[in-house]
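Structure, as structure tokens:
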Amino acid sequence: QVQLVESGGGLVQAGGSLRLSCAASGRTFSDYSMGWFRRAPGKEREFVAAINRSGDNTYYADSVKGRFTISRDNAKNTVYLQMNSLKPEDTALYYCAATSRGLTGYSLYYSYWGQGTQVTVSS
């Protein structure tokens with residue numbers, strides 16, 4: 001089992017920045033690729049970003065490319081999502097997730113999920 005706890009969400013104005021963190025415990029963190037997903041009100045959950053086990057390869061949704069950066073610190077068992085130039089349409093509940101598969105944006109491949117942290121961007 002892997003337990004995931006997100007933090008760092010909040011209310012920010014459009015154009016602002018937030019940094020989300022996801023702390024992992026349980027099994028060996030570096031055995032898992034990690035991803036961030038989000039669910040906006042009334043919408044399906046969507047992929048945001050993913051990072052491989054070693055942290056040297058990343059993958060982003062087109063909607064966040066160039067604005068968001070995913071990173072990880074395997075010594076701290078933590079994955080991060082730096083979000084810059086935030087837009088109102090980024091408002092959502094953000095989840096981190098872990099997969100034993102490789103780098104992927106396919107949510108069904110992720111076995112472990114956190115409870116989420118709310119990000120609200122005001123216009």
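Since the model is a prediction, treat every value here as computed from it, not as a measurement.
Expressed to the nearest 0.5 Å, how far CD of Q118 lies from OG1 of T91 amounts to 7.5 Å. In this structure, R19 CZ and S71 OG are separated by 6.0 Å, a value rounded to the nearest 0.5 Å.
Residue pairs meeting the side chain to side chain donor-acceptor pair (under 3.5 Å) criterion with at least one member in residues 75-88, sequence neighbours excluded: S17-N84, Q82-N84. For residues 40-87, the set of pairs meeting the disulfide bond (SG atoms under 2.5 Å apart) definition, not counting sequence neighbours, is empty. Under the side chain to side chain donor-acceptor pair (under 3.5 Å) criterion, no residue pair touches residues 4-14, with sequence neighbours excluded. Pairs of residues two or more places apart, or lying in two chains, that qualify as salt bridge (charged side-chain N to carboxylate O under 4.0 Å, His left out) and include a residue from residues 52-64 are D62-K65.
The closest side-chain heavy-atom distance from V121 to E89 is not below 4.5 Å. When side chains are defined from C-beta on, L18 does not count as touching F68, because their heavy atoms never get closer than 4.5 Å. Residues V119 and M83 meet the side-chain proximity criterion, which asks for heavy atoms closer than 4.5 Å. W36 is listed as a side-chain neighbour of V79, based on a closest heavy-atom distance under 4.5 Å.
A single hydrophobic cluster is not seen to contain both L81 and L93; linkage of ILVMFWY side chains at heavy-atom distances under 4.5 Å, directly or through other members, places them apart. Note on V64 and Y94: same hydrophobic cluster, where clusters join Ile, Leu, Val, Met, Phe, Trp and Tyr whose side-chain heavy atoms are under 4.5 Å apart, directly or indirectly.
Under the rule for a ring-ring contact (aromatic ring centres under 6.0 Å, His included), the partners of F37 that lie at least two apart in sequence or sit in another chain are F47, Y110, W113. Applying the salt bridge (charged side-chain N to carboxylate O under 4.0 Å, His left out) criterion to E46, with sequence neighbours excluded, gives R38. Residues meeting the salt bridge (charged side-chain N to carboxylate O under 4.0 Å, His left out) test with K43, sequence neighbours left out: none. By the salt bridge (charged side-chain N to carboxylate O under 4.0 Å, His left out) test, R45 is found to be paired with no residue, residues two or more places apart in sequence or in another chain being considered. Qualifying side chain to side chain donor-acceptor pair (under 3.5 Å) partners for S123, counting only residues two or more places apart in sequence or in other chains: none. A search for side chain to side chain contact (heavy atoms under 4.5 Å, CB included) contacts involving T58 returns I51, Y60, I70, not counting sequence neighbours.
Surrounding OH of Y59 are at most 12 heavy atoms belonging to other residues, nucleotides or ligands under 6.0 Å away.
The minimum heavy-atom distance linking P88 with A14 is given by the pair CD-CB, 4.1 Å. Counting all heavy atoms, side chain and backbone alike, A98 lies closest to L4 at N-CD1, 3.9 Å.
Side-chain atoms of N57 never come within 3.5 Å of backbone atoms of N52 as a donor-acceptor pair (strictly under, hydrogens ignored).
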Anything under 3.5 Å between a donor and an acceptor, one on a side chain of residues 22-35, the other on a protein residue two or more places apart or in another chain? List them.
from : atom 1 : to   : atom 2 : distance (Å)
S25  : OG     : Q3   : OE1    : 3.4
S33  : OG     : R101 : O      : 3.3

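Cluster partners of Y106, by chain and number: L108, Y109. The rule joins Ile, Leu, Val, Met, Phe, Trp and Tyr whenever side-chain heavy atoms lie under 4.5 Å apart.
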